[in-house]
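Just so you know, ligand 1 is whichever comes first in the structure, and atom 1 is the first atom listed for that ligand. The chain is numbered in sequence order, starting from 1.
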Amino acid sequence: MIISRRAEFSASHICRNPNLSEEENVRLYGAAANPNGHGHNYVLEVALEGTPDAVTGMIFDLKDLKDIMNREVIDPMDHRHLNFEVPPFDKVIPTTENIAIEIWGRLAPQFEGTPARLHAVRLYETEDTFVDYFGK
Ligand code: NI
């Protein structure tokens, strides 16, 4: 069984690879390569897998999941410029893919020793575009 929680955060980013030419960056990333950066209202969905506990009937307390998401992701990333304020995005291009990988890395260890396991991180960059990451 899967339980999920959604949260939103707003952040700015620049998508460009310093090892590539200006022309190549514009070709790959379009306006997102602009060094002034631009913002998104990201929507994060975190899914946990497990079996409801015999006593509590819960896989994981969703209030605790909210606290974990706030502490590990929302508080550090909301209203930040990812490239300048949120490592490792000073070195890693903050595409939606790479942000989802980073979020997975922050969240997965939080469930060690609990009956729940991180199943998926879904990150929407726009209403129409999103990434699913399952740890691979
Ligand atoms: Ni963007």
Side-chain angles (χ1 to χ4, degrees):
M1 187 179 281
I2 308 289
I3 56 170
S4 301
R5 179 177 271 284
R6 179 181 297 137
E8 298 185 27
F9 63 97
S10 301
S12 298
H13 72 165
I14 304 164
C15 289
R16 61 186 294 125
N17 185 328
N19 298 317
L20 300 177
S21 69
E22 179 64 26
E23 293 72 25
E24 192 69 354
N25 272 296
V26 169
R27 189 184 70 77
L28 281 170
Y29 303 111
N34 187 307
N36 293 324
H38 61 276
H40 292 283
N41 296 317
Y42 290 97
V43 177
L44 170 64
E45 293 177 358
V46 173
L48 303 182
E49 180 180 14
T51 303
D53 180 82
V55 175
T56 66
M58 296 190 291
I59 293 172
F60 195 81
D61 190 326
L62 286 169
K63 169 69 168 64
D64 292 341
L65 177 57
K66 180 180 186 176
D67 291 343
I68 289 169
M69 289 165 67
N70 281 339
R71 185 181 72 234
E72 301 296 330
V73 179
I74 307 302
D75 293 346
M77 296 191 186
D78 194 26
H79 294 100
R80 301 290 177 177
H81 194 303
L82 298 177
N83 304 65
F84 299 133
E85 298 184 274
V86 185
F89 300 120
D90 52 337
K91 298 185 179 72
V92 174
I93 303 171
T95 57
T96 317
E97 294 91 325
N98 283 337
I99 301 169
I101 291 170
E102 173 62 19
I103 290 172
W104 178 282
R106 291 177 182 222
L107 292 180
Q110 307 301 320
F111 306 102
E112 283 169 12
T114 81
R117 189 186 72 84
L118 185 57
H119 169 69
V121 165
R122 171 172 284 188
L123 185 64
Y124 288 83
E125 188 175 80
T126 72
E127 280 186 20
D128 296 328
T129 58
F130 57 92
V131 165
D132 286 317
Y133 189 59
F134 304 96
K136 59 185 191 309

- Message: So, at under 2.8 Å, which protein N, O or S atoms would a careful student list around the Ni ion (ligand 1)?
- Response: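 N, O, S partners closer than 2.8 Å: H13 NE2, H38 NE2, H40 NE2.
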- Item | Atom pair CZ (R106) and CZ (R71), whose distance is rounded to the nearest 0.5 Å |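 Here the rounded value is 11.5 Å.
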Do [X] and [Y] share a hydrophobic cluster, counting only Ile, Leu, Val, Met, Phe, Trp and Tyr and linking them when any side-chain heavy atoms are less than 4.5 Å apart?
| X | Y | result |
| --- | --- | --- |
| I74 | L48 | yes |
| I93 | Y133 | no |
| L107 | L82 | yes |
| F9 | V86 | yes |

- Query: Do the two ring centres, one from H13 and one from H81, sit under 6.0 Å apart?
  - Reply: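 Aromatic pair excluded; centres sit 6.0 Å or further apart.
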